[in-house]
Visitor: 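Dropping a structure here in structure tokens format, bear with me for questions.
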Amino acid sequence: SSKRWPKCCPAPLACRPTAATMGEQMSRSCQACWDPEATAAIVRKKKAQRAAINRYGELFDMLDNAVDAGPSDAQQAERSLTNYDRELMGKQEGKFWSELQQHKDWVPVAQRRAALAKKMGKTSIGAA
């Protein structure tokens, strides 16, 4: 076959994993050459997920401090959390939200949400 390979992949064999530790990295490198748009979309998705998880940490910190400050502060902080939940639930017609919940760092987010709900004497907080 006379298939042409991207310049960044010198030969077809370069994209076949030769060792378990290097195989995944090489595969990603070749994928980036062959389909840069898809690779960029994956990178954007991962960055957006990381930003969302970090934002939840900030919102939970605010809510934790607000609970200690008083009920009106806690209500306002919980509204901010609810608004953010709804924003993410609507992103990409719900696809972003479902993929975010499958992220490896989502479990600590859900655990912290549950702990804050318990601290507030509620079964759940936010829209999630």
Side-chain angles (χ1 to χ4, degrees):
S1 162
S2 62
K3 181 167 178 145
R4 300 191 74 166
W5 299 95
K7 290 180 183 178
C8 58
C9 289
L13 293 177
C15 293
R16 293 187 186 157
T18 57
T21 57
M22 293 179 57
E24 188 176 325
Q25 183 179 1
M26 180 60 83
S27 177
R28 281 194 306 252
S29 296
C30 289
Q31 179 186 358
C33 292
W34 288 325
D35 194 356
E37 292 86 10
T39 301
I42 291 168
V43 169
R44 282 192 303 273
K45 178 178 85 169
K46 289 182 183 282
K47 284 183 177 182
Q49 288 176 337
R50 173 56 43 209
I53 289 169
N54 291 344
R55 179 68 180 138
Y56 273 113
E58 295 168 4
L59 288 168
F60 292 155
D61 288 343
M62 279 181 14
L63 184 56
D64 199 13
N65 292 331
V67 168
D68 296 334
S72 65
D73 291 341
Q75 287 174 348
Q76 177 58 41
E78 187 176 1
R79 271 194 298 276
S80 295
L81 176 61
T82 300
N83 291 340
Y84 193 61
D85 284 341
R86 288 186 179 139
E87 176 186 333
L88 294 184
M89 287 175 180
K91 200 172 183 180
Q92 297 173 338
E93 300 174 351
K95 184 178 178 185
F96 181 83
W97 179 254
S98 65
E99 289 178 354
L100 179 62
Q101 291 177 317
Q102 295 170 12
H103 191 282
K104 65 180 176 129
D105 294 334
W106 183 255
V107 172
V109 171
Q111 290 171 338
R112 182 142 185 230
R113 181 188 296 264
L116 281 168
K118 186 176 180 180
K119 181 177 181 178
M120 295 173 70
K122 297 183 174 191
T123 56
S124 66
I125 55 174

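Source: prediction; values computed, not measured.
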Visitor: If you define the side chain from C-beta out and look only at heavy atoms, does anything of Gln49 sit under 4.5 Å from Lys45?
Guide: yes

Visitor: Looking at every heavy atom in both Ala74 and Leu63, which two are closest together, and how far apart are they?
Guide: O-CD1, 3.6 Å

Visitor: Below 4.5 Å, heavy atoms only, C-beta onward: do Val109 and His103 meet side chain to side chain?
Guide: no

Visitor: State whether the number of non-hydrogen atoms from other residues, nucleotides or ligands found under 6.0 Å of Lys119 atom NZ is greater than 12.
Guide: yes

Visitor: Please report the closest heavy-atom contact between Ala48 and Lys91, naming both atoms and the distance.
Guide: CB-NZ, 4.2 Å

Visitor: How long is the straight-line distance from CG of Leu81 back to CZ of Arg55, given to the nearest 0.5 Å?
Guide: 9.5 Å

Visitor: When you look at Leu100 and Ile53, which way does the side chain to side chain contact (heavy atoms under 4.5 Å, CB included) test go after all the steps?
Guide: CA-CA 8 Å; Leu100 179 62; Ile53 289 169; 3.9 Å; yes

Visitor: What's the shortest heavy-atom distance between Ala127 and Arg86, and which atoms?
Guide: CB-CG, 3.9 Å

Visitor: Looking at every non-hydrogen atom in both residues, tell me the closest pair between Ser80 and Leu59 and how far apart they are.
Guide: CB-CD2, 4.1 Å

Visitor: Which distance, rounded to the nearest 0.5 Å, do you find between the CD of Gln75 and the OG1 of Thr82?
Guide: 11.0 Å

Visitor: Looking at side-chain heavy atoms only, is the closest gap between Asp105 and Arg50 below 4.5 Å?
Guide: yes

Visitor: CE of Met62 to CG of Leu116: how many Å apart, nearest 0.5 Å?
Guide: 11.5 Å

Visitor: To the closest 0.5 Å, what do you measure between CE (Met89) and CH2 (Trp97)?
Guide: 4.0 Å

Visitor: Calculate, to the nearest 0.5 Å, the distance between atoms CD and CH2 belonging to Glu99 and Trp106 respectively.
Guide: 13.0 Å

Visitor: Mark yes or no for whether Arg113, through its side chain, and Ile125, through its backbone, hold a donor-acceptor pair below 3.5 Å.
Guide: yes

Visitor: Has Asn65 got a side-chain atom pairing as donor or acceptor with Asp61's backbone, closer than 3.5 angstrom?
Guide: yes

